[in-house]
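Worksheet: the structure to be examined is printed underneath.
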Amino acid sequence: MKTLRDFNVKNKKVLVRCDFNVPLDEKGNILDDFRIKQTIPTIKYLAKRGAKIILMSHLGEPEGKVVESLRLTPIQEKLKEYLDYSITKTNDCIGKETKKRVLEMTSREILLLENLRFHQEEKKNDENFVKKLAKLGDIYINDAFGVCHRSHASIVGIPKYLPSGAGLLLEKEIRILSKVLKKPWRPLVAIIGGVKISSKIKVIEKFLKKADHLLLGGEIANAILAVKGILLSQPIPEPEVIKTIEKIDLTCPKLHLPVDIFISLAVLETGLKEGYLRQGGPGQIKKEEKGYDIGPETVKIFSRIIKTAKMIFWSGPLGMFEEEKFAKGTKEIAQIIARNHLAFKIAGGGDTVLALNKFDLFDKFDHISTGGGAMLEFLSGKKLPGLEALR
Ligand code: 3PG
(Lines give C-alpha, C1' and ligand atoms only; values in the text may rest on other atoms or scores of the structure.)
Protein backbone atom coordinates (compact mmCIF):
# COMPACT_ATOMS: atom_id res chain seq x y z
CA MET A 1 0.00 0.00 0.00
CA LYS A 2 1.35 3.43 -0.95
CA THR A 3 1.51 6.14 1.67
CA LEU A 4 1.59 9.90 1.63
CA ARG A 5 5.38 9.78 1.64
CA ASP A 6 5.45 8.09 -1.79
CA PHE A 7 4.03 11.14 -3.58
CA ASN A 8 5.49 14.42 -4.73
CA VAL A 9 2.65 16.69 -3.66
CA LYS A 10 4.10 20.10 -4.52
CA ASN A 11 1.40 22.20 -6.19
CA LYS A 12 -0.79 19.12 -6.52
CA LYS A 13 -4.44 19.08 -5.51
CA VAL A 14 -4.54 16.45 -2.80
CA LEU A 15 -7.99 15.14 -1.84
CA VAL A 16 -7.82 13.93 1.74
CA ARG A 17 -10.65 11.80 3.18
CA CYS A 18 -10.74 12.51 6.91
CA ASP A 19 -13.02 11.22 9.64
CA PHE A 20 -14.26 14.43 11.24
CA ASN A 21 -17.36 12.64 12.56
CA VAL A 22 -17.04 14.06 16.07
CA PRO A 23 -19.65 14.13 18.84
CA LEU A 24 -21.60 17.41 19.03
CA ASP A 25 -23.92 18.83 21.68
CA GLU A 26 -27.42 20.17 20.86
CA LYS A 27 -25.93 23.59 20.12
CA GLY A 28 -23.47 22.11 17.62
CA ASN A 29 -20.42 22.49 19.87
CA ILE A 30 -17.74 19.82 19.44
CA LEU A 31 -17.67 17.67 22.57
CA ASP A 32 -14.44 15.90 21.71
CA ASP A 33 -11.96 16.83 18.96
CA PHE A 34 -9.65 13.79 19.18
CA ARG A 35 -10.35 12.73 15.59
CA ILE A 36 -9.63 16.24 14.28
CA LYS A 37 -6.37 16.53 16.24
CA GLN A 38 -5.20 13.16 14.96
CA THR A 39 -5.48 14.33 11.34
CA ILE A 40 -3.34 17.46 11.86
CA PRO A 41 0.05 15.75 11.13
CA THR A 42 -1.13 14.74 7.64
CA ILE A 43 -2.45 18.23 6.89
CA LYS A 44 0.77 19.86 8.15
CA TYR A 45 2.88 17.41 6.14
CA LEU A 46 1.01 18.34 2.97
CA ALA A 47 1.09 22.08 3.67
CA LYS A 48 4.83 22.09 4.36
CA ARG A 49 5.39 20.43 0.99
CA GLY A 50 3.32 22.96 -0.91
CA ALA A 51 0.20 20.91 -1.71
CA LYS A 52 -3.26 22.32 -2.32
CA ILE A 53 -5.22 20.52 0.35
CA ILE A 54 -8.84 19.53 -0.15
CA LEU A 55 -10.35 17.94 2.96
CA MET A 56 -13.54 15.88 2.90
CA SER A 57 -15.54 14.15 5.62
CA HIS A 58 -18.98 13.10 6.74
CA LEU A 59 -20.58 14.25 9.99
CA GLY A 60 -23.49 12.44 11.60
CA GLU A 61 -26.31 10.83 9.68
CA PRO A 62 -28.05 13.44 7.46
CA GLU A 63 -29.50 10.66 5.26
CA GLY A 64 -28.75 12.25 1.90
CA LYS A 65 -30.26 15.65 2.73
CA VAL A 66 -28.80 19.02 3.73
CA VAL A 67 -29.15 19.24 7.51
CA GLU A 68 -28.08 22.66 8.73
CA SER A 69 -26.90 21.38 12.12
CA LEU A 70 -24.57 18.91 10.38
CA ARG A 71 -22.64 21.39 8.27
CA LEU A 72 -18.87 21.18 8.74
CA THR A 73 -18.55 24.79 10.00
CA PRO A 74 -17.56 23.78 13.58
CA ILE A 75 -14.90 21.49 12.08
CA GLN A 76 -13.51 24.40 10.03
CA GLU A 77 -13.37 26.54 13.18
CA LYS A 78 -11.61 23.78 15.12
CA LEU A 79 -9.06 23.26 12.32
CA LYS A 80 -8.26 26.98 12.45
CA GLU A 81 -7.29 26.56 16.11
CA TYR A 82 -4.67 23.97 15.18
CA LEU A 83 -3.34 25.27 11.85
CA ASP A 84 -1.75 28.52 10.72
CA TYR A 85 -2.92 28.23 7.13
CA SER A 86 -5.95 29.69 5.38
CA ILE A 87 -8.90 27.31 5.72
CA THR A 88 -12.06 27.96 3.74
CA LYS A 89 -15.15 25.82 3.28
CA THR A 90 -17.53 25.11 0.43
CA ASN A 91 -21.33 24.84 0.77
CA ASP A 92 -21.42 21.58 -1.13
CA CYS A 93 -18.84 18.85 -1.69
CA ILE A 94 -19.48 18.83 -5.46
CA GLY A 95 -20.96 21.24 -8.02
CA LYS A 96 -19.88 24.25 -10.08
CA GLU A 97 -19.02 26.54 -7.19
CA THR A 98 -16.85 23.87 -5.55
CA LYS A 99 -15.01 23.17 -8.83
CA LYS A 100 -14.35 26.88 -9.25
CA ARG A 101 -13.00 27.19 -5.70
CA VAL A 102 -10.67 24.25 -6.28
CA LEU A 103 -9.33 25.73 -9.53
CA GLU A 104 -8.53 28.98 -7.74
CA MET A 105 -6.56 27.27 -4.97
CA THR A 106 -2.93 28.13 -4.39
CA SER A 107 -0.23 26.02 -2.79
CA ARG A 108 -0.62 25.49 1.02
CA GLU A 109 -4.27 26.55 0.93
CA ILE A 110 -6.79 24.31 2.69
CA LEU A 111 -10.33 23.86 1.41
CA LEU A 112 -12.84 21.89 3.46
CA LEU A 113 -15.67 20.36 1.43
CA GLU A 114 -19.18 20.30 2.93
CA ASN A 115 -20.56 17.10 4.54
CA LEU A 116 -20.30 14.23 2.02
CA ARG A 117 -23.43 12.55 3.38
CA PHE A 118 -25.63 15.47 2.31
CA HIS A 119 -25.64 13.40 -0.89
CA GLN A 120 -27.15 9.93 -0.65
CA GLU A 121 -24.76 8.90 -3.46
CA GLU A 122 -21.90 8.90 -0.94
CA LYS A 123 -23.20 5.89 0.96
CA LYS A 124 -24.40 4.22 -2.25
CA ASN A 125 -20.92 4.53 -3.77
CA ASP A 126 -22.55 6.00 -6.87
CA GLU A 127 -20.17 6.02 -9.83
CA ASN A 128 -21.15 9.50 -11.07
CA PHE A 129 -20.68 10.98 -7.62
CA VAL A 130 -17.31 9.25 -7.32
CA LYS A 131 -16.19 10.76 -10.65
CA LYS A 132 -17.29 14.24 -9.58
CA LEU A 133 -15.26 13.99 -6.37
CA ALA A 134 -12.24 12.43 -8.07
CA LYS A 135 -12.13 15.25 -10.65
CA LEU A 136 -11.41 17.71 -7.85
CA GLY A 137 -7.98 16.24 -7.08
CA ASP A 138 -4.73 14.93 -8.57
CA ILE A 139 -3.93 12.57 -5.68
CA TYR A 140 -6.21 10.84 -3.13
CA ILE A 141 -5.13 10.27 0.45
CA ASN A 142 -7.25 8.24 2.86
CA ASP A 143 -6.68 9.32 6.45
CA ALA A 144 -10.10 8.20 7.71
CA PHE A 145 -9.39 4.91 9.45
CA GLY A 146 -12.73 5.18 11.28
CA VAL A 147 -14.64 4.90 7.99
CA CYS A 148 -12.55 2.21 6.27
CA HIS A 149 -15.18 -0.44 7.08
CA ARG A 150 -17.65 1.41 4.84
CA SER A 151 -17.86 0.84 1.05
CA HIS A 152 -18.71 4.48 0.44
CA ALA A 153 -17.83 6.66 -2.57
CA SER A 154 -15.15 8.71 -0.82
CA ILE A 155 -13.57 5.56 0.63
CA VAL A 156 -13.61 2.86 -2.06
CA GLY A 157 -14.70 4.78 -5.16
CA ILE A 158 -12.10 7.52 -5.60
CA PRO A 159 -9.01 5.23 -5.50
CA LYS A 160 -10.20 3.73 -8.80
CA TYR A 161 -9.62 7.08 -10.51
CA LEU A 162 -6.67 8.70 -8.74
CA PRO A 163 -3.18 7.70 -7.56
CA SER A 164 -3.94 6.84 -3.93
CA GLY A 165 -2.30 6.21 -0.62
CA ALA A 166 -2.68 6.16 3.15
CA GLY A 167 -2.30 9.28 5.28
CA LEU A 168 -0.07 9.41 8.34
CA LEU A 169 -2.92 8.62 10.75
CA LEU A 170 -4.19 5.67 8.73
CA GLU A 171 -0.63 4.35 8.47
CA LYS A 172 -0.17 4.62 12.26
CA GLU A 173 -3.48 2.88 13.02
CA ILE A 174 -2.64 -0.02 10.71
CA ARG A 175 0.87 -0.36 12.14
CA ILE A 176 -0.27 -0.57 15.77
CA LEU A 177 -3.42 -2.61 15.26
CA SER A 178 -1.69 -5.11 12.94
CA LYS A 179 0.85 -5.90 15.66
CA VAL A 180 -1.84 -6.83 18.19
CA LEU A 181 -3.86 -8.65 15.57
CA LYS A 182 -0.91 -10.90 14.72
CA LYS A 183 0.10 -11.70 18.28
CA PRO A 184 -2.62 -11.04 20.83
CA TRP A 185 -1.67 -11.54 24.46
CA ARG A 186 -3.97 -13.88 26.33
CA PRO A 187 -6.42 -13.90 27.92
CA LEU A 188 -7.80 -11.51 25.31
CA VAL A 189 -10.98 -9.73 26.43
CA ALA A 190 -13.11 -7.83 23.92
CA ILE A 191 -15.74 -5.38 25.19
CA ILE A 192 -18.35 -4.12 22.78
CA GLY A 193 -21.11 -1.62 23.46
CA GLY A 194 -22.51 1.52 21.87
CA VAL A 195 -25.48 2.22 19.66
CA LYS A 196 -24.36 1.17 16.17
CA ILE A 197 -25.95 -2.26 16.40
CA SER A 198 -26.00 -3.16 12.70
CA SER A 199 -22.27 -2.72 12.13
CA LYS A 200 -21.07 -4.14 15.45
CA ILE A 201 -23.27 -7.23 15.39
CA LYS A 202 -21.22 -8.45 12.40
CA VAL A 203 -18.09 -8.98 14.46
CA ILE A 204 -19.63 -10.94 17.35
CA GLU A 205 -19.12 -14.35 15.75
CA LYS A 206 -15.52 -13.47 14.85
CA PHE A 207 -14.69 -12.31 18.37
CA LEU A 208 -16.27 -15.42 19.86
CA LYS A 209 -13.58 -17.33 17.95
CA LYS A 210 -10.73 -14.91 18.43
CA ALA A 211 -11.12 -13.63 21.99
CA ASP A 212 -11.13 -15.54 25.26
CA HIS A 213 -14.05 -13.48 26.54
CA LEU A 214 -16.54 -11.19 24.84
CA LEU A 215 -18.38 -8.76 27.12
CA LEU A 216 -21.39 -6.96 25.69
CA GLY A 217 -23.22 -3.85 26.90
CA GLY A 218 -25.06 -0.83 25.48
CA GLU A 219 -27.65 -1.06 22.73
CA ILE A 220 -26.04 -4.10 21.15
CA ALA A 221 -26.52 -6.12 24.35
CA ASN A 222 -30.02 -4.71 24.81
CA ALA A 223 -30.94 -5.80 21.28
CA ILE A 224 -29.72 -9.35 21.95
CA LEU A 225 -31.58 -9.48 25.28
CA ALA A 226 -34.73 -8.29 23.54
CA VAL A 227 -34.57 -10.47 20.42
CA LYS A 228 -33.77 -13.57 22.48
CA GLY A 229 -36.64 -12.66 24.82
CA ILE A 230 -34.44 -12.67 27.91
CA LEU A 231 -34.79 -9.39 29.70
CA LEU A 232 -35.89 -6.41 27.65
CA SER A 233 -38.46 -5.87 24.95
CA GLN A 234 -36.54 -3.11 23.16
CA PRO A 235 -34.76 -2.30 20.93
CA ILE A 236 -35.95 -4.59 18.17
CA PRO A 237 -33.49 -4.01 15.32
CA GLU A 238 -33.98 -4.44 11.57
CA PRO A 239 -34.69 -7.95 10.15
CA GLU A 240 -31.09 -8.48 8.94
CA VAL A 241 -29.75 -7.88 12.44
CA ILE A 242 -32.43 -10.07 14.03
CA LYS A 243 -31.30 -12.93 11.79
CA THR A 244 -27.70 -12.51 12.95
CA ILE A 245 -28.77 -12.31 16.59
CA GLU A 246 -30.87 -15.46 16.27
CA LYS A 247 -27.77 -17.35 15.18
CA ILE A 248 -25.75 -16.33 18.25
CA ASP A 249 -25.22 -19.27 20.59
CA LEU A 250 -25.97 -17.92 24.06
CA THR A 251 -24.56 -21.04 25.70
CA CYS A 252 -21.04 -20.16 24.44
CA PRO A 253 -18.98 -19.80 27.64
CA LYS A 254 -16.97 -16.93 26.14
CA LEU A 255 -20.04 -14.75 25.69
CA HIS A 256 -21.10 -12.51 28.59
CA LEU A 257 -24.32 -10.50 28.41
CA PRO A 258 -25.57 -8.18 31.17
CA VAL A 259 -27.44 -9.97 33.92
CA ASP A 260 -28.99 -6.75 35.15
CA ILE A 261 -29.93 -3.55 33.36
CA PHE A 262 -30.91 -0.11 34.57
CA ILE A 263 -34.24 0.73 33.05
CA SER A 264 -36.04 4.04 33.03
CA LEU A 265 -39.48 5.36 32.14
CA ALA A 266 -40.63 1.77 32.25
CA VAL A 267 -43.75 0.35 33.79
CA LEU A 268 -42.79 -2.58 35.91
CA GLU A 269 -45.24 -4.86 37.64
CA THR A 270 -44.01 -3.27 40.82
CA GLY A 271 -45.12 0.12 39.51
CA LEU A 272 -41.56 1.49 39.53
CA LYS A 273 -40.66 4.05 36.89
CA GLU A 274 -36.98 3.19 36.98
CA GLY A 275 -34.66 0.74 38.61
CA TYR A 276 -32.64 -2.40 37.97
CA LEU A 277 -34.13 -5.29 36.08
CA ARG A 278 -32.44 -8.61 36.77
CA GLN A 279 -32.47 -11.86 34.86
CA GLY A 280 -34.80 -14.18 36.72
CA GLY A 281 -36.31 -11.27 38.69
CA PRO A 282 -39.88 -10.01 38.72
CA GLY A 283 -41.50 -7.73 36.16
CA GLN A 284 -39.70 -8.87 33.05
CA ILE A 285 -40.22 -8.27 29.36
CA LYS A 286 -42.66 -5.45 29.24
CA LYS A 287 -43.28 -3.46 26.06
CA GLU A 288 -42.24 -0.15 27.58
CA GLU A 289 -38.88 -1.27 28.90
CA LYS A 290 -35.69 0.34 27.67
CA GLY A 291 -32.26 -0.25 29.14
CA TYR A 292 -29.91 2.66 29.79
CA ASP A 293 -26.98 1.14 31.69
CA ILE A 294 -25.56 -2.16 32.89
CA GLY A 295 -26.31 -2.98 36.53
CA PRO A 296 -24.02 -3.66 39.53
CA GLU A 297 -24.18 -7.48 39.20
CA THR A 298 -23.00 -7.21 35.59
CA VAL A 299 -20.20 -4.84 36.61
CA LYS A 300 -19.04 -7.41 39.19
CA ILE A 301 -18.99 -10.26 36.65
CA PHE A 302 -17.31 -8.16 33.93
CA SER A 303 -14.79 -6.87 36.47
CA ARG A 304 -13.69 -10.39 37.46
CA ILE A 305 -13.01 -11.19 33.79
CA ILE A 306 -11.29 -7.88 32.98
CA LYS A 307 -8.90 -8.33 35.92
CA THR A 308 -7.53 -11.56 34.37
CA ALA A 309 -6.97 -10.02 30.90
CA LYS A 310 -3.56 -9.49 29.30
CA MET A 311 -5.05 -7.71 26.31
CA ILE A 312 -8.25 -5.65 26.14
CA PHE A 313 -10.10 -4.27 23.11
CA TRP A 314 -12.92 -1.88 23.92
CA SER A 315 -15.34 -0.02 21.68
CA GLY A 316 -18.72 1.40 22.61
CA PRO A 317 -20.02 2.74 25.93
CA LEU A 318 -22.01 0.28 28.06
CA GLY A 319 -24.84 2.72 28.68
CA MET A 320 -26.03 6.23 27.97
CA PHE A 321 -23.03 7.67 29.83
CA GLU A 322 -23.73 11.23 28.62
CA GLU A 323 -26.36 11.43 31.38
CA GLU A 324 -25.00 11.25 34.88
CA LYS A 325 -27.56 8.76 36.17
CA PHE A 326 -26.78 6.25 33.38
CA ALA A 327 -22.98 6.71 33.43
CA LYS A 328 -22.12 4.41 36.33
CA GLY A 329 -21.65 1.15 34.39
CA THR A 330 -19.43 2.65 31.68
CA LYS A 331 -17.41 4.61 34.24
CA GLU A 332 -16.80 1.64 36.54
CA ILE A 333 -15.81 -0.67 33.69
CA ALA A 334 -13.46 2.01 32.29
CA GLN A 335 -11.86 2.36 35.74
CA ILE A 336 -11.47 -1.40 36.13
CA ILE A 337 -9.79 -1.64 32.70
CA ALA A 338 -7.49 1.26 33.59
CA ARG A 339 -6.43 -0.45 36.83
CA ASN A 340 -5.28 -3.61 35.00
CA HIS A 341 -1.64 -2.57 34.63
CA LEU A 342 -0.56 -5.89 33.12
CA ALA A 343 -2.85 -5.74 30.11
CA PHE A 344 -2.24 -4.00 26.78
CA LYS A 345 -5.32 -1.81 26.49
CA ILE A 346 -6.87 -0.49 23.29
CA ALA A 347 -10.03 1.60 23.03
CA GLY A 348 -11.63 3.30 20.06
CA GLY A 349 -14.59 5.11 18.59
CA GLY A 350 -16.03 8.61 18.95
CA ASP A 351 -18.24 7.98 21.98
CA THR A 352 -15.74 5.75 23.78
CA VAL A 353 -13.05 8.43 23.47
CA LEU A 354 -15.54 11.01 24.75
CA ALA A 355 -16.33 8.76 27.74
CA LEU A 356 -12.63 8.22 28.52
CA ASN A 357 -12.02 11.96 28.46
CA LYS A 358 -15.05 12.58 30.65
CA PHE A 359 -13.80 10.07 33.23
CA ASP A 360 -10.21 11.33 32.89
CA LEU A 361 -8.90 7.91 31.88
CA PHE A 362 -7.67 8.67 28.38
CA ASP A 363 -3.99 8.34 29.30
CA LYS A 364 -4.44 4.93 30.92
CA PHE A 365 -4.80 3.21 27.54
CA ASP A 366 -1.91 1.99 25.38
CA HIS A 367 -3.58 2.94 22.14
CA ILE A 368 -6.67 5.01 21.45
CA SER A 369 -7.95 4.38 17.96
CA THR A 370 -9.94 6.90 15.92
CA GLY A 371 -12.05 3.99 14.69
CA GLY A 372 -14.90 2.34 16.58
CA GLY A 373 -16.66 -0.08 14.21
CA ALA A 374 -13.62 0.02 11.90
CA MET A 375 -11.25 -0.89 14.74
CA LEU A 376 -13.45 -3.80 15.81
CA GLU A 377 -13.73 -5.13 12.26
CA PHE A 378 -9.97 -4.83 11.75
CA LEU A 379 -9.18 -6.56 15.06
CA SER A 380 -11.70 -9.29 14.31
CA GLY A 381 -9.59 -10.16 11.27
CA LYS A 382 -12.02 -8.85 8.64
CA LYS A 383 -10.63 -7.13 5.56
CA LEU A 384 -11.65 -3.47 5.49
CA PRO A 385 -12.95 -2.27 2.08
CA GLY A 386 -11.19 1.09 2.47
CA LEU A 387 -7.80 -0.57 2.92
CA GLU A 388 -8.42 -3.07 0.12
CA ALA A 389 -9.24 -0.15 -2.21
CA LEU A 390 -5.82 1.38 -1.52
CA ARG A 391 -4.12 -1.92 -2.31
C1 3PG B 1 -17.54 6.36 13.22
O2 3PG B 1 -18.04 7.26 13.91
O3 3PG B 1 -17.37 5.19 13.65
C4 3PG B 1 -17.10 6.68 11.82
O5 3PG B 1 -17.07 8.05 11.60
C6 3PG B 1 -18.03 6.02 10.84
O7 3PG B 1 -19.30 6.54 10.98
P8 3PG B 1 -20.60 5.70 10.55
O9 3PG B 1 -20.71 4.55 11.51
O10 3PG B 1 -21.72 6.67 10.62
O11 3PG B 1 -20.34 5.19 9.15
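The model shown is predicted, which means the values in this text are computed figures rather than measured ones. Indexing begins at 1, ligand by ligand and atom by atom, following the structure's order.
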| remark: From the list Thr298, Leu257, Ile294, side-chain contact (heavy atoms from CB on, under 4.5 Å) with Leu216 holds only for Leu257

Listing, residues 317-339 side-chain donor-acceptor contacts under 3.5 Å, not counting sequence neighbours, or none:
{"from": "Lys325", "atom 1": "NZ", "to": "Glu274", "atom 2": "OE1", "distance (Å)": "3.0"}
{"from": "Thr330", "atom 1": "OG1", "to": "Leu318", "atom 2": "N", "distance (Å)": "3.0"}
{"from": "Thr330", "atom 1": "OG1", "to": "Gly319", "atom 2": "N", "distance (Å)": "3.2"}

| query | Is the closest side-chain donor-acceptor distance between Thr90 and Glu114 under 3.5 Å? | reply | no

| request: Give a yes-or-no answer on whether the side chains of Thr370 and Arg35 include a donor-acceptor pair shorter than 3.5 Å. | output: no

Got a list of side-chain donor-acceptor pairs under 3.5 Å for residues 380-387, not counting sequence neighbours?
{"from": "Ser380", "atom 1": "OG", "to": "Glu377", "atom 2": "O", "distance (Å)": "2.8"}

| field | ring-ring contact (aromatic ring centres under 6.0 Å, His included) involving Phe359 - partner list, sequence neighbours excluded | value | none

| note | By chain and number, the residues contacting ligand 1 below 4.0 angstrom (heavy atoms only) are Asp19, Asn21, Arg35, His58, Glu61, Arg117, Gly146, Arg150, Lys196

